[in-house]
S.K.: 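What follows is a structure written as structure tokens; I'll ask about it next.
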Amino acid sequence: MDDIRQELEKLKENIRYHNQRYYNLDDPEISDAEYDRLFRTLLDIEKRRPDLVTPDSPSQRVGAEPRESFSQVPHRRPMLSLENGFDEKEIRDFDVRVRKILKDLYACNYIVEPKMDGLAVEMVYERGVLVSASTRGDGYVGENVTPNIRTIRTVPLKLIQRQEEHPVPDLIEVRGEAYMEIAAFNELNKLRLSQGLPVFANPRNAAAGSIRQLDPRITRERRLNMFCYGAGEVSGLKFKTHMDLLNALQSWGLRINKPYIREFSNLDNVIEYCRRLEQERSGLPYEIDGAVIKVNELVLQERLGEKSRSPRWALAFKFKPTQETTRIIKIDVQVGRTGAITPVAWLEPVEIAGVTVSRATLHNKEEIEKKDIRENDTVVVQRAGDVIPEVVKVITSKRTGNEKVFQMPSNCPVCGTKLEKRQGEVVIRCPNKGCPAQVRARLIHFVSKGAMDIEGLGEKIIGQLLDREMIREAADLFKLKKTDLLKLDKIEQKSADNLLKSIEKSKKTTLPRFIYSLGIRHVGEHIADLLGARYRDIEKFLTATEEELLSVKEIGPQIAESVISYLSDIENRDHIGRLLDEGIVFQDSSPRGELLAGKAFVVTGTLGSMSRSEAKEAIERNGGRMASAVSSSTDYLVAGEAPGSKLQKARELGIAILDEKKFLDLLKETGRLKNGG
Ligand code: IVH
């Protein structure tokens with residue numbers, strides 16, 4: 001009796017430990033399969049002994065029933081907001097105010113953190129157990145969203161003491177930002193479009209909408225995440241600095257945005273780092289709308305105190321907006337590779353966060369109607385990360401009477417075929433698979449970065465090759481000769497040679513890339529990876545059954561149906577056959593390449609081309625793993641800009657050291673560089 005209790009406790013501890021390594025330290029110790037085994041054992045025991053299920057069990061992230069409405073949760077200390085600064089001068093003014101109050105008696109350091117664009121959440125832990133989670137509300141009383149926050153895998157249900165100097169307090173109000181990564185947001189919107197649901201305007205709205213959900217089962221399906229950035233009430237403990245607090249949070253299993261949190265003693269460096277964050281923002285997997293500058297020393301924070309709504313010790317440096325106002329010149333439709341007809345707005349060009357935008361997607365007829373978007377309208381346009389810009393709303397007060405309501409065409413604007421709306425679908429499609437627009441879009445997808453990655457082969461060349469009838473489908477690309485290429489505009493000897501080389505090189509690919517390149521509906525890069533991992537072999541993939549597909553985590557009926565329908569089409573199978581006949585070979589039978597298999601990497605310093613988590617992803621994608629500390633079992637140290645003591649240690653241990661370029665070369669060689677491609 002007591003045995004099973006003990007075993008269960010040990011198991012839970014063990015799973016929590018691995019959760020922390022995996023989710024919060026980016027440094028897993030065991031394989032996913034091993035972790036799954038642990039988790040299944042836990043579920044088995046709890047199934048047999050429901051009386052032993054406790055609310056802090058790692059199994060208890062799911063399953064709560066929907067509620068009627070949110071109850072209210074008072075915050076023990078108000079959740080303040082931040083004062084904004086919009087340029088360098090306002091940062092300097094902030095520093096002057098701080099120093100004036102501190103009378104230059106104290107040396108104060110600043111911490112700069114990315115300002116996450118999500119939803120502020122407070123999590124209350126009593127004796128280490130998550131007992132409540134709430135939104136900010138009016139700052140004093142928030143909404144109880146506990147069951148929803150419990151579904152976020154990076155939020156520990158129990159805090160664990162892992163460092164002697166950081167015991168878990170009896171009570172702590174942890175504050176953080178719940179957010180959705182851009183990739184998850186895009187996928188969610190794609191899904192919603194295909195289900196005829198309105199799309200979310202941006203990742204922040206998607207995160208907020210997912211958390212303010214009465215049914216936690218819906219929240220669970222949304223890929224949400226959390227970065228913690230502070231605390232309200234903390235019992236018993238006294239920290240010296242904000243950084244100490246953050247480190248303690250991390251040691252207990254909470255997630256902080258460590259790689260981007262920096263400490264500075266000099267204001268110029270603060271400003272420089274804020275600028276750098278602004279520049280790097282579009283490369284991050286999540287949205288940030290600014291940088292938060294905070295006085296590091298907590299006694300000084302106390303001295304500075306707060307105004308009614310914001311503390312005097314912090315400033316939010318807000319980046320240039322990603323929304324701008326412009327006018328719609330005209331609306332027309334675009335034909336996608338699956339024949340989907342998407343209305344597009346042509347805009348008076350406008351610069352948004354450094355990029356000129358002249359087109360925006362309007363998604364579908366329903367969205368146009370819902371937002372009442374017309375030609376000639378003045379609109380707010382938004383660009384998020386690398387996402388296609390979209391029209392957020394119409395400024396109706398600017399209407400002049402010259403606006404024109406847009407009518408969706410009934411025939412394909414490219415091939416003239418009558419458009420169709422299949423039963424149960426929202427999307428209008430051109431059913432003609434031979435429609436030149438579809439052929440072209442399929443080819444562009446085929447050669448794209450995340451797919452076959454044929455360098456130097458872009459939309460323009462594909463357009464010419466099609467127009468001159470030099471190719472009709474993807475397999476024809478591999479038959480091109482130098483004499484053919486030389487007939488194209490602006491192609492001379494050297495570029496023709498290079499192009500042929502890239503085409504040849506692309507034949508060595510991986511199964512996930514190949515599957516993705518086929519352009520099967522609902523099969524994005526992530527799903528293609530899952531399929532590659534499940535089948536490992538193209539022949540096996542070709543005989544996939546619906547049942548098998550459904551057994552893959554994350555693959556639901558819609559995707560399974562789409563894959564089966566693609567594979568049962570004889571034309572598609574012939575197409576795949578012709579590609580394979582051209583000599584396409586799969587470099588690695590598993591999606592995680594062989595070359596880095598089992599190799600341990602440590603990354604130190606900052607990489608210019610990717611974040612830490614992207615580096616980790618790239619390493620794991622290629623079969624390696626990332627560790628946090630250098631030891632004799634480390635295989636490679638990747639040294640970015642401003643490497644720390646790890647570089648020294650690696651030198652002492654004689655470990656292979658890669659600079660960023662060498663690291664990228666290694667990844668390129670092994671296959672996949674980046675998920676997002
Ligand atoms: S500190 C008393 N740090 O920005 C100040 N806030 O306008 C507490 N936010 O409601 C906030 N990232 O939701 C802080 N690294 C960060 C943040 C951050 C995002 C949000 C937070 C807050 C809002 C303030």
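Just follow the structure's listing: the first ligand is 1, and inside any ligand the first atom is 1.
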S.K.: In terms of residue, atom name and distance, what is the protein heavy atom nearest to atom 22 (C) of ligand 1?
M.R.: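 Looking only at protein heavy atoms, the one closest to atom 22 (C) of ligand 1 is Tyr229 OH, 3.9 Å.
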
S.K.: I'd like to know if Arg255 and Glu177 make a salt bridge, using a cut-off of under 4.0 Å between side-chain N and carboxylate O.
M.R.: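 Judged by the 4.0 Å cut-off on N to carboxylate O distance, Arg255 and Glu177 do not form a salt bridge.
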
S.K.: Which residue holds the protein heavy atom closest to atom 10 (O) of ligand 1, what is that atom called, and what is the gap in Å?
M.R.: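 Closest protein heavy atom to atom 10 (O) of ligand 1: Ala120 CB, 3.8 Å.
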
S.K.: Would you please determine whether Pro311 falls within less than 4.0 Å of ligand 1 on a heavy-atom basis?
M.R.: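 Within the 4.0 Å threshold, so yes.
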
S.K.: Can you check which of Arg309, Lys294, Gln301, Lys115 brings a heavy atom nearest to atom 3 (N) of ligand 1?
M.R.: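 When every heavy atom of Arg309, Lys294, Gln301, Lys115 is considered, Lys294 comes closest to atom 3 (N) of ligand 1.
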
S.K.: Side chain or backbone of Val292 under 4.0 Å from ligand 1, or both, or neither, by non-hydrogen atoms?
M.R.: side chain

S.K.: Using salt bridge (charged side-chain N to carboxylate O under 4.0 Å, His left out), reason through Lys294 and Glu113 one step at a time and then give a plain yes or no.
M.R.: CA-CA 8 Å; Lys294 301 173 181 176; Glu113 305 170 2; 2.9 Å; yes

S.K.: What residue and heavy atom of the protein are closest to atom 9 (N) of ligand 1, and at what distance?
M.R.: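 Going by distance alone, atom 9 (N) of ligand 1 is nearest to Glu177 OE1, 3.7 Å.
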
S.K.: So is there a nitrogen or oxygen of Met116 less than 3.5 Å from a nitrogen or oxygen in ligand 1?
M.R.: yes

S.K.: Taking N or O atoms only and a 3.5 Å limit, does Trp313 qualify as a polar contact for ligand 1?
M.R.: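 No: no nitrogen or oxygen of Trp313 is under 3.5 Å from one in ligand 1.
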
S.K.: CD1 of Ile288 to NZ of Lys115: how many Å apart, nearest 0.5 Å?
M.R.: 10.5 Å

S.K.: Hey, is Pro114 one of the residues with a heavy atom under 4.0 angstrom from ligand 1?
M.R.: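 Per 4.0 Å heavy-atom rule, Pro114 contacts ligand 1.
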
S.K.: Considering non-hydrogen atoms of the protein only, which is the closest contact for atom 15 (N) of ligand 1, and what is the distance?
M.R.: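 Ranking protein heavy atoms by distance from atom 15 (N) of ligand 1, first comes Glu113 OE1, 2.6 Å.
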
S.K.: Using only atom types and a distance under 3.5 Å, with no angle test, would you say the side chain of Ser57 pairs donor to acceptor with the backbone of Thr54?
M.R.: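 Judged by distance alone, no pair lies under 3.5 Å.
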
S.K.: A cation-pi test, strictly: NZ or CZ of Arg625 under 6.0 Å from the centre of the six-membered ring of Phe601 and no more than 45 degrees from its axis. Yes or no?
M.R.: no

S.K.: According to side chain to side chain donor-acceptor pair (under 3.5 Å), does anything in residues 86-101 pair up with another residue at least two apart or in another chain? List the pairs.
M.R.: Glu83-Arg97, Glu88-Arg92, Glu88-Arg275, Lys89-Asp93, Arg92-Asp268, Asp95-Arg99, Asp95-Tyr110

S.K.: For atom 7 (O) of ligand 1, what's the nearest protein heavy-atom neighbour? Residue, atom name and distance, please.
M.R.: Leu82 N, 3.4 Å

S.K.: Let's go through Lys12 and Asp56 carefully: what are the C-alpha distance in whole Å and the side-chain angles of both, what is the deciding distance for side-chain contact (heavy atoms from CB on, under 4.5 Å) to 0.1 Å, and is it a yes or a no?
M.R.: CA-CA 9 Å; Lys12 287 196 274 189; Asp56 66 357; 4.1 Å; yes

S.K.: Taking side chain to side chain donor-acceptor pair (under 3.5 Å) as the cut-off, I'd like each qualifying pair that reaches into residues 161-174, sequence neighbours left out, listed once.
M.R.: none

